[in-house]
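Per chain, numbering begins at 1; letters A, B, ... match sequence-line order. The basis for the numbers below is simple: all heavy atoms, side chains too, and nothing from hydrogens, waters or symmetry mates.
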Amino acid sequence: MKAASLPPRLKCILLLLPSCGQSSSFPFKLPPPPPPPPLLRLLVRSRPYSLTVTATATPTGSASESCNMLNTTEYHNATSNSSPSSITIIDEFTRFCYQRDLPRAMKALDSIQNRNVWAVPVTYSELLKCCLSRGAVHQARLVQKHLFSRGHQPETFLVNILLNMYVKFNLLDEAQALFDQMPHRNVVSWTTMIAAYTTAMLNDKALEFLILMLRDGIRPNMFTYSSVLRACQGLLNLRQLHSSIIKTGLDSDVFVRSALIDIYSKWGEPRNALHVFDEMVTGDSIVWNSIIGGFAQNTDGDEALNLFKRMKQAGFMADQATLTSVLRACTGLALLELGRQVHVHVIKFKQDLILNNALLDMYCKCGSLEDANSTFTRMLDKDVISWSTMITGLAQNGFSRAALELFESMKASGTKPSYITIVGVLFACSHAGLVEDGQYYFRSMKTCFGIDPGREHYGCMVDLLGRAGKLDEAVKLIHEMKDEPDAVTWRTLLGACRVHRNTDLAIYSAKKILSLEPNNAGTYILLSNIYANSQRWEDVAEVRMAMRDRGVRKEPGCSWIEVNKQIHAFILGDNSHPQIVAISMKLKQLIWRLKELGYVPQTDFVLQDLEGEQKEDSLSYHSEKLAIVFGMMSLQKEGTIRIRKNLRICGDCHVFAKLVANIERRNIVIRDPIRYHHFSNEGCSCGDYW
DNA sequence: CTAGGGTTAG
């Protein structure tokens, strides 16, 4: 046994409950012996008996007389019977508790209980800690019974330990019952309950307890706030809590601060989180991780990477959590090269599951399935998330068959698929036009895996049926949904309508989307294009008017490409790129070459009211075209050109990319907000459907 | 005796 686990003060004091009805408070006041040096502690442990007797034999104060007498009597009786004395039993009990010998300690507890004697409170706390670490609920309950036996009221801190234990064992009702019967509750008792309800995601309950606590006159401390913050129900709530934290000055606590940062981020206000962060005088790496994670999760990868830089400058080391967030930022920004650099650091942390999952996702989302695959293969531990990530990654990048095969391996491995896994599987089916497989998985998900189909599953099925041209069935399915169909669902149907040229249903879906998302410019433009295609100019004008009235602005198309650790952004109508002249020239030449091979620019995709030449010109400056040309100019001849863009790729750029990939014999990967396009000389992985 | 950071879909 380690010396460190010995009690700081080895007080093997015998506590005898006076049968004369005296109060249970122990009358002896022993000056705490100074903590012995490690070597001495070992000595002390080996001779606890003599220590005990000395201690109990030197009572102070007159009130102790009777106790002492009882004490002594008990001692003599015990010795004359040649059975172990109460002193010995308590001593043994104490020793077993500190040695974490649970079975023996429990046996000793039994004897103690029978003899109506008590050990000092700290001993019980040792025993309870032992129960906690072993998950010994039953034993803990016996300890509780003992502590409350014969009308005895245990110290509040002991009850707090018990409370915490029930909470950790997920026995909230039992914790609550114990809390209810406590005569005195301190901050710790309240905070334990609040933290319990927060963890159980019973946010109302947690907040209610905060109020009850305040009513009871107990002032929250930093522990309380850092727990209760996670339970807040919205920004209003959060601001109230924040201001009371400031009033009490507890905002200087790093725990409270990181909780504030997390919660502001969670409620979509990373700027406020940054404010809280920047006000901090001294922080630690966890607070850095909080703020970096906050931006990474709020799809502001740029700021996350900025902060990561600042973190390093401030001299903090990146750990697993930091790198996970950094990878997530790379994922969002499609920064494959930076992600690769992070990978080098990931290797330092041996097999961290979450970190590996983030790495895997980064490679998938950056379109490098080779790297994703090797990462996946090298992972020793895989959980549902690893499998789901890889399945979805394969499916999104156009490898549907491989995705479905991997799903079979997953089932064979014994990992239970989750809701999200099935989304990936159905996505794979819809992507590859595997109607029957998709319907099979959709129908059997409930019976095979106990997962109720949700919105996303219906969405995949709408896509599946829609692609196959079964628009009626798709609509029927939407009506069968338990949840209200959301904009994503209608957008899926709209996509199918465009491909199969069902104008009426397209207009119907577009209107549905607009009613759900009145500020999405893309939908207005889509609707206006549909009208334009069927020459309904009045309707086009009406849509334009509605857009103007509601102040909806179209986000300019933007494409990003990473070259030499730098990100080059091309924005429609922006000529600030230093090489823009050369790029434009090269693009013109390329278009010329393509035209000779039969390329006809598809002017339907121009959204402005332009005509002829002009129309074509504006089209040729779509940001992805510029990015492709820039990639050809600045990347190695063989290298894949990887582009990320903010809007869906238009049909003309799609044809363009396909042709370029073909004549230039190089792979082009374009990731738009929801689909991946891998262009090679065999065409596009999306199968020309998106 | 009570508290903080990271991963998969759309």
*Presence of A/K365 side-chain N/O under 4.0 Å of B/dA9 phosphate oxygens OP1/OP2*: yes
*Report the distance from atom CG of A/L360 to atom P of B/dT7, rounded to the nearest whole Å.*
14 Å
*Pairing residues for A/T331 by the side-chain contact (heavy atoms from CB on, under 4.5 Å) criterion, not counting sequence neighbours*: A/D361, A/M362, A/K365
_Check whether A/R257 reaches the backbone of A/D251 with its side chain - one donor and one acceptor, N or O, closer than 3.5 Å._
yes
*Given atom CD1 of A/I194 and atom P of B/dT2, what is their separation to the nearest angstrom?*
15 Å
*Using a heavy-atom cut-off of under 4.0 Å over every strand shown, decide if A/V287 touches base, sugar-phosphate, or nothing.*
base
_Need one value for A/Y225: base, sugar-phosphate or nothing, where a base atom within 4.0 Å counts as base even if backbone is also close, heavy atoms only._
nothing
_What's A/K168 touching, base or sugar-phosphate or nothing? Going by heavy atoms closer than 4.0 Å._
sugar-phosphate
*asked:* Taking any heavy-atom pair under 4.0 Å as a contact, classify A/E155: base, sugar-phosphate, or nothing.
replied: nothing
*Output yes when at least one side-chain N/O atom of A/R230 is less than 4.0 Å from OP1 or OP2 of B/dG4, else no.*
yes
*asked:* So, under a plain 3.5 Å distance rule, would you say the side chain of A/N357 forms a donor-acceptor pair with the base of B/dG6?
replied: no
_Donor-acceptor under 3.5 Å (A/N397 side chain, A/G393 main chain)_ = yes
*Once you round it to whole Å, what is the distance between P of B/dG6 and CZ of A/F295?*
14 Å
*Would you please determine if the base of B/dT2 is stacked by A/F223, with stacking meaning a centroid separation under 5.5 angstrom and planes under 30 degrees?*
yes
*Mind checking A/D253 for me? I need base, sugar-phosphate or nothing, with any heavy atom below 4.0 Å counting as a touch.*
base
*asked:* Please classify the nucleic acid contact of A/D262 as base, sugar-phosphate, or nothing, using heavy-atom distances under 4.0 Å.
replied: sugar-phosphate
_Sugar-phosphate only, base, or nothing, as touched by A/L355 at under 4.0 Å among non-hydrogen atoms_ = base
*Given salt bridge (Lys or Arg N to Asp or Glu O under 4.0 Å), test A/R455 with A/E484 step by step and report yes or no.*
CA-CA 8 Å; A/R455 211 176 252 152; A/E484 273 300 301; over 6 Å; no
*asked:* Would the base of B/dA3 count as contacting A/S227 through its side chain, where contact means a donor and an acceptor less than 3.5 Å apart?
replied: no
_Students often get this wrong, so: under 4.0 angstrom with heavy atoms, is A/V254 touching a base, only sugar-phosphate, or nothing?_
base
*Please confirm whether any donor atom in the side chain of A/D284 sits under 3.5 Å from an acceptor in the base of B/dG4, or the reverse.*
yes
*asked:* Rounded to whole Å, please give me the gap between NZ in A/K416 and C1' in B/dT8.
replied: 15 Å
*Side-chain N or O of A/R328 less than 4.0 angstrom from OP1 or OP2 on B/dT8?*
yes
*Mind listing the residues from residues 315-324 of chain A sitting with a heavy atom below 4.0 Å of DNA chain B? Number order is fine.*
A/D319, A/Q320, A/A321, A/T324
*A/M410 CE to B/dT8 C1': how many Å, rounded?*
10 Å
